[in-house]
K.L.:
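Pasting a structure below so you can have a look.
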Amino acid sequence: MRHKVRVRNHDRPAMPPPPPPLPPPPKPDTAPGTDTAGPRVYSAPALEKAIDIIELLAREPGGLTVSDIATRLSRSISELFRVIVVLDRRGWLHKAPASDRYRVTYKLLETAHRATPAQELTHVAAPLMHALAATAMQSCHLVVRNGTSGLIVLRQESPGPTGFAVRLGTSIALATNCSGHVLLAFMGEDARTAILDETTDAATRASLAPHLAAIRDRGHEWSKSNRMAGVSDMSCPIFGYDGHVVAALTIPFLEVIDETPHIAADEALIALKRTATAIPQALGWSDPQAMPLNPSLSVAAPGKRKRATQPSTGEDLA
């Protein structure tokens with residue numbers, strides 16, 4: 001006799017619940033009345049706060065407290081505190097224990113170096129700039145283009161007792177600066193026109209055009225500093241392996257009036273040109289039309305042969 005076994009519903013294995021529906025894509029932030037056909041603009045509030053904090057502190061070398069940051073950004077301390085703590089923990093900000101002021105760190109610059117050609121450039125240029133500073137007894141710095149402005153990515157201070165040096169990471173205006181004039185003079189015409197159209201007026205562009213042409217002709221710029229009395233800026237272009245200008249190497253020449261050992265400005269310019277030639281060569285580029293800065297060895301013409309089987313005897317190397 002067979003027995004039927006009934007399976008109760010609660011003895012059956014439970015079926016897994018259906019997966020939740022995927023969330024809809026985030027809606028772009030559009031103001032009322034704006035054209036929604038344009039590019040989408042998404043919002044990331046925490047990220048925007050972090051960027052606001054970094055950009056604010058970049059303009060405050062002395063640093064700011066949390067309260068100061070909140071006041072400058074018109075936000076509450078509670079909105080910014082966690083963001084500031086995370087930036088500090090990740091190394092983007094540094095808090096001074098004595099004053100509780102936060103400052104940006106060099107991690108910004110280091111990250112940019114790793115992500116751009118500036119890393120290779122500074123790696124090659126650093127020892128050559130060290131030698132230049134020792135020869136000229138002056139500081140020197142390297143400026144690259146950063147959008148429509150210039151950025152100082154490397155500097156070498158003077159080994160002498162006194163000197164004048166610019167801060168690493170300083171942003172400069174290309175149209176009003178010696179290094180900027182060199183970058184503008186040697187960059188492509190389209191890039192130069194775009195930068196000047198955005199940053200200068202028509203009168204400035206008209207007056208700057210012949211000056212930039214003269215810089216291209218002589219291969220360097222040498223002018224009085226527009227900031228410091230007694231300082232003359234001299235700058236030369238640095239070319240990459242592809243022959244395009246990638247940086248300007250500049251000496252802010254500080255005039256010495258005492259008996260401190262130094263070289264004259266024209267001698268410093270010669271040393272600057274030598275270094276500005278050595279850096280591109282180390283990067284893999286050399287100008288085939290450029291004359292060598294160092295004199296080459298000369299060999300006297302061989303004398304007439306007395307016999308066809310006798311080798312000629314030339315003079316020794318000069």
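These numbers were taken from a predicted model, which means no experiment stands behind them. Below, each value reflects all heavy atoms present in this structure, side chains not excepted, and no hydrogens, waters or symmetry copies. The first residue of the sequence shown is numbered 1, and numbering continues consecutively from there.
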K.L.:
More than 12 non-hydrogen atoms from neighbouring residues, nucleotides or ligands closer than 6.0 Å to CD on Glu157, yes or no?
P.N.:
no
K.L.:
Output the distance between atom CZ (Arg72) and atom CG (Leu64), rounded to the nearest 0.5 Å.
P.N.:
5.0 Å
K.L.:
Using atom types as modelled and distance alone, determine if a side-chain donor or acceptor of Ser139 lies under 3.5 Å from a backbone N or O of Ser158.
P.N.:
no
K.L.:
Provide the closest heavy-atom pair for Pro159 versus Ala134 in the form atom of the first, atom of the second, distance.
P.N.:
CG-CA, 3.8 Å
K.L.:
Just wondering, are more than 12 heavy atoms of other shown residues or ligands nearer than 6.0 Å to CZ in Arg167?
P.N.:
no
K.L.:
Please output the side-chain donor-acceptor pairs of residues 187-196 that fall under 3.5 Å, not counting sequence neighbours, one pair per line with the distance.
P.N.:
residue: Arg192; atom: NH1; partner: Leu184; partner atom: O; Å: 2.9
residue: Arg192; atom: NH1; partner: Met187; partner atom: O; Å: 2.9
residue: Thr193; atom: OG1; partner: Glu189; partner atom: O; Å: 2.8

K.L.:
Rounded to the nearest 0.5 Å, how far apart are CG of Leu174 and OG1 of Thr148?
P.N.:
7.0 Å
K.L.:
May I ask you to decide if Gly91's main-chain N or O and Thr105's side chain share a donor-acceptor pair within less than 3.5 Å?
P.N.:
yes
K.L.:
Is the backbone N or O of Val166 less than 3.5 Å from a side-chain atom of Arg155, with the two atoms forming a donor-acceptor pair by type?
P.N.:
yes
K.L.:
Is the NE2 atom of His130 crowded by more than 12 outside heavy atoms at less than 6.0 Å?
P.N.:
no
K.L.:
Using distance alone, with no hydrogens and no angle criterion, decide if Thr65 and Ser67 have a side-chain donor and acceptor under 3.5 Å apart.
P.N.:
no
K.L.:
Do Ile279 and Leu121 pass the side-chain contact (heavy atoms from CB on, under 4.5 Å) test, and can you show the C-alpha distance, the side-chain angles, and the key distance before you say yes or no?
P.N.:
CA-CA 8 Å; Ile279 294 175; Leu121 175 62; 4.1 Å; yes
K.L.:
Arg216: what forms a salt bridge (Lys or Arg N to Asp or Glu O under 4.0 Å) with it, not counting sequence neighbours?
P.N.:
none
K.L.:
Shortest non-hydrogen contact from Leu183 to Ala248?
P.N.:
CD2-N, 3.8 Å
K.L.:
Over all heavy atoms of both residues, which pair between Cys140 and Ile251 is shortest? Give the atoms and the distance, please.
P.N.:
CB-CG1, 4.0 Å
K.L.:
Say whether Thr250 and Ser179, considering side chains only, have a donor N or O and an acceptor N or O under 3.5 Å apart.
P.N.:
yes
K.L.:
Looking only at heavy atoms, which two atoms of Leu168 and Leu154 are closest? And how far apart?
P.N.:
CD1-N, 3.4 Å
K.L.:
Working to the nearest 0.5 angstrom, can you tell me the gap between Arg145 CZ and Ile172 CD1?
P.N.:
13.0 Å
K.L.:
When rounded to the nearest 0.5 angstrom, what distance separates CH2 in Trp222 from CG in Asp266?
P.N.:
5.5 Å
K.L.:
Looking at CD1 of Ile54 and CG of Leu93, how far apart are the two atoms once the value is rounded to the nearest 0.5 Å?
P.N.:
6.0 Å
K.L.:
How far apart are the closest heavy atoms of Glu79 and Val83, and which atoms are they?
P.N.:
O-CG2, 4.1 Å
